[in-house]
Every structure is written in C-alpha cells, then in structure tokens.
Amino acid sequence: MRKVLASISVAAAMMMAVAPVSANVGNLDQLLQQVKKDRISERKLNKEREQEFLSERADKLALLKKAKKAQAAEEARQVRLQKQFNANELALVEKETELENAKGTLGEMFGVVRQAAGDTVGRISTSIVSAQYKGRGELLSKLAEAKELPTLTELEELWFALQTEMTESGKVVKFNSEVVELEGGSTEQAVTRVGTFNLLAEDKYLLFGADTGTVQPLGRQPDGYVVGLVPAFNSHTEGFEPLYIDPSQGLILGLQTAKATLTERYHQGGVVGYIITGVLALGFLIAIERFITLGFIGAKIRRQLKDTSTPSEGNPLGRILKVYQENKASDTENLELKLDEAVLRETPRIERGVAIIKILAAIAPLLGLLGTVTGMIKTFESITLFGTGDPKVMAGSISMALVTTAQGLIAALPLILVHSLVAARSKSIVQVLDEQSAGIVAAHAEQEKA
C-alpha cells in the first residue's frame with residue numbers, strides 16, 4: 001500500500017513538474033533531461049523516507065520489549081502479594097484465636113458492658129436530665145458499639161452516667177436553658193426540672209426533644225387546673241407544694257394535649273350541631289323576652305291591685321277592671337261572660353312564645369338523633385370505601401354521631417327548664433286575672449242580692 005501511494009505521489013509530482021517544463025523548454029531534449037533529474041531526486045527522497053521508517057520501527061520494538069518486561073514484573077509482584085495476603089489471613093485468624101483465649105472471663109465482662117451501655121444510652125437520651133447535662137450519650141453510644149475491651153476510664157464514665165441519672169431523679173433543680181419557641185426562634189429561660197418527670201417554665205409545661213436535644217413548649221398546654229399549679233410551684237422555695245407530674249416524661253402530657261377541646265368537640269357536630277345551637281339560642285332569646293315582658297306585666301298588675309278604683313289601660317288587670325266599670329249595670333251572668341271574654345283576650349298576650357319554647361325543647365333531641373343517623377351513614381360509607389383497617393377514617397363520622405346526640409340533649413334540658421319557668425310565670429299572671437275576675441263577679445252578685 002505504501003509503495004502504491006509512493007508511485008502515485010511520484011507520478012503526480014512528475015505531472016506537476018511537466019506542465020511548467022513543457023511551457024518553458026523548447027525541445028524534447030531539455031524535457032528528457034529534466035525528467036531524469038527529477039527521477040534521481042525522487043529516489044533520494046524515497047530512500048530517506050525508508051530510513052526514517054526503519055528508525056521509528058526500532059524505537060517501537062524497544063518500547064514493546066520494555067512494556068512486556070514491566071508486565072512480567074507486575075505479574076510476579078501479584079503472585080508475591082497474593083501469597084503475602086494469604087499468609088496475613090492465616091496470621092489474623094491465629095491472633096484472633098489467641099485474643100479470645102487471652103480474654104478469658106474478660107469477654108463476658110465486655111458483653112455485659114456493651115449491654116449495659118446500650119440500655120443506658122436509650123434511657124439517658126430520652127431523659128429530661130439530659131436537658132441540663134448535655135452530651136452524656138456520646139460516650140455511652142461509643143461503648144455500646146465498641147469492638148474492643150473498654151478502658152478503666154470508660155467503665156468509670158458508665159458508672160458516673162448511671163449514678164448521675166439515679167441521683168438527679170430525686171432532685172428539683174432550676175437551671176437556664178435555651179427554649180425553642182413554637183413560633184420560631186429561641187430564648188434563654190429559667191427552667192425547673194422536677195426529677196425525671198417534668199420540665200417547667202414560669203407558667204407552663206415544657207418538653208425535651210430527644211432527637212434534637214432541645215427544650216420546647218407543649219403544642220397545647222393541658223387543662224387550666226393542671227397548669228394553674230405551675231406558677232405557685234415555681235415561686236415556692238421550701239416545704240411542699242402540689243403539682244401534677246408526668247411519670248412517662250411527657251408522653252401522658254402529649255396525649256392530654258392531643259385530646260380535643262370543647263370548641264373542637266363542638267365543631268365536630270357539623271351542620272346539625274350548628275342548627276341545634278341555633279335552636280337553643282332562639283329558645284333562650286324567647287325565654288329572656290318573656291321573662292322581661294312578664295316581669296313588667298306582673299309589676300304593673302301589682303301596682304294596679306293597690307288601686308283598683310282607677311283602672312289603667314296599660315296592664316291586663318286594668319283593662320279587665322275597665323270592662324267591669326263599663327258593665328256595672330249588667331246582670332251577673334252577662335258581667336261574668338264579659339269578664340271571661342276580657343281574660344281570654346289577655347291570655348294569648350301573656351302566654352305568647354311559651355309553646356314555641358316547648359316545641360324547640362322537643363326539636364333539639366330530634367335534631368341530635370338526625371345527626372346520629374347522618375354520622376352512622378357516613379361511617380358505613382367509609383367502611384364501604386376504605387374497609388375497617390384504619391379506625392381514623394371512621395372516627396370523624398362516629399364523633400359527629402355522638403357529638404350531635406350530646407348537643408341535642410344538652411340543648412333540650414335547659415329549654416325544658418326555661419319553658420317550665422316561663423309557663424309558671426305566665427300561669428301565675430293568668431291566675432291573678434282569673435281570681436280578680438271571679439272576685440268581681442262574686443261582689444256584683446252579692447250587690448244584686450242586697
């Protein structure tokens with residue numbers, strides 16, 4: 001291939017050389033001489049190229065020889081290292097056997113230390129004492145995961161950790177700590193530690209986050225009667241002071257704060273619960289209006305009783321007395337009919353709204369029953385769609401069913417009581433009117449007999 005390329009190159013050079021020669025040389029002799037001269041130059045050039053190729057070939061052969069020699073050396077080194085590796089493996093097995101034999105009973109102690117360290121680090125990492133003494137679990141974690149025998153210093157640290165936890169569990173201590181606020185940020189606050197039970201701020205309970213190692217307030221403080229004892233306890237310096245404590249180190253407090261409040265319970269009733277509230281509010285508004293109205297009517301009637309000779313149009317009794325004065329000339333039967341008519345005319349005004357309160361008291365528990373049925377329907381729909389694997393899916397509907405029942409009963413009980421009071425007040429006023437009417441008829445009959 002190289003020879004072909006060389007011939008092509010020579011031919012091309014000759015053609016390129018012939019063109020100008022043919023243009024400048026006037027006869028064939030000069031052209032012949034020129035071609036011979038060019039051929040000699042081409043042979044010389046080819047010889048130089050051949051020598052250069054042979055020189056490069058020798059260099060490449062030398063490099064190849066050097067590479068093969070290096071390969072052989074590396075292969076020999078590989079064999080040597082493999083033998084050394086196998087020997088080291090055998091030596092390690094022998095040394096491990098010697099170590100186990102040398103340990104003797106120390107091996108059992110090593111296992112006991114690792115187990116004790118593992119148990120202790122779990123207890124200390126979640127203990128609220130770590131909020132005051134930070135970093136206690138690092139050495140214990142190292143001992144629990146150690147592969148070698150513990151040193152005397154490490155054994156003493158394990159002992160100190162156990163002793164510290166036991167000693168601090170019986171102390172009430174105040175110290176300053178960084179408290180991470182729920183809204184973000186942190187502040188330096190005085191914290192009271194009650195043994196291993198609770199962390200307290202000035203007027204609230206705190207939690208120690210074992211994962212983050214930080215102190216933070218509860219998401220929602222427990223009931224007021226529980227939190228109300230915290231300020232007095234913090235201000236007390238000697239003697240005894242009552243306080244609610246959590247022996248589970250915050251677990252019970254967390255469950256207490258997770259419980260729904262009265263407001264949340266109320267909203268669980270949904271639309272039916274809101275309607276029951278409206279019924280209760282409407283009943284109370286009517287009852288209040290009736291109490292006020294009947295109170296004014298009763299006061300006016302009492303004033304009228306003190307002066308029956310001058311009847312007033314501003315109260316029922318006065319209007320009845322006015323009917324009597326207008327019909328004094330009538331006989332007893334006609335007068336009685338006129339007075340009964342006057343009493344019947346005043347009765348609806350006095351008893352207005354009393355029946356509505358009674359109806360509302362009957363509607364409230366029926367609405368609660370409606371909410372119960374609605375909640376159970378939703379519960380069965382959840383069971384149909386999602387099954388019974390997750391109780392939380394059904395909890396909302398069951399809560400609605402129970403809450404609306406309670407709301408209906410809670411609304412009905414006071415409405416029944418209020419209805420009884422309003423009805424008694426109105427009946428007492430009507431009774432006064434009946435008594436006065438009967439007295440007037442009796443007096444008129446006696447006058448007729450006389």
Side-chain angles (χ1 to χ4, degrees), residues 120-138 140 160-269 273 277 395 399 402-403 406-407 410 414:
T120 305
V121 71
R123 183 164 58 252
I124 285 180
S125 62
T126 58
S127 174
I128 63 174
V129 179
S130 297
Q132 182 179 1
Y133 302 100
K134 300 183 181 296
R136 296 191 303 158
E138 296 179 0
L140 298 177
F160 292 154
L162 293 171
Q163 185 64 39
T164 300
E165 185 71 15
M166 184 167 48
T167 303
E168 295 296 327
S169 64
K171 293 182 179 180
V172 178
V173 183
K174 291 187 177 181
F175 63 96
N176 291 328
S177 175
E178 184 179 7
V179 179
V180 179
E181 299 295 341
L182 297 176
E183 298 81 7
S186 59
T187 57
E188 189 80 12
Q189 297 183 18
V191 178
T192 302
R193 178 177 57 80
V194 183
T196 58
F197 304 114
N198 288 108
L199 293 175
L200 309 174
E202 293 182 357
D203 57 351
K204 57 188 175 183
Y205 284 85
L206 303 175
L207 282 180
F208 174 66
D211 298 334
T212 58
T214 57
V215 179
Q216 60 187 14
L218 289 169
R220 183 173 63 209
Q221 293 295 320
D223 297 332
Y225 70 92
V226 177
V227 183
L229 298 177
V230 175
F233 184 83
N234 280 326
S235 61
H236 210 71
T237 56
E238 59 183 7
F240 298 95
E241 189 70 21
L243 179 72
Y244 288 93
I245 62 173
D246 182 3
S248 65
Q249 301 181 359
L251 181 60
I252 296 177
L253 276 177
L255 293 176
Q256 289 292 324
T257 56
K259 293 194 308 183
T261 61
L262 289 177
T263 303
E264 292 171 344
R265 290 290 186 195
Y266 168 73
H267 289 294
Q268 286 177 353
T277 305
S399 297
L402 299 178
V403 169
Q407 288 176 339
I410 292 172

For Glu241, side-chain contact (heavy atoms from CB on, under 4.5 Å) partners two or more places apart: Ala232, Phe233, His236
All salt bridge (Lys or Arg N to Asp or Glu O under 4.0 Å) counterparts of Lys171, not counting sequence neighbours: Glu168
Give the intermediate values and the outcome of side-chain contact (heavy atoms from CB on, under 4.5 Å) for residues Tyr205 and Leu200. CA-CA 5 Å; Tyr205 284 85; Leu200 309 174; 3.4 Å; yes
Measuring from atom CG of Leu206 to atom OG of Ser177, what distance do you get when rounded to the nearest 0.5 angstrom?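 Answer for the CG-OG pair, Leu206 versus Ser177, is 8.5 Å.
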Do you know which two heavy atoms are closest between Ala201 and Gln189, and how far apart they sit? CB-OE1, 4.0 Å
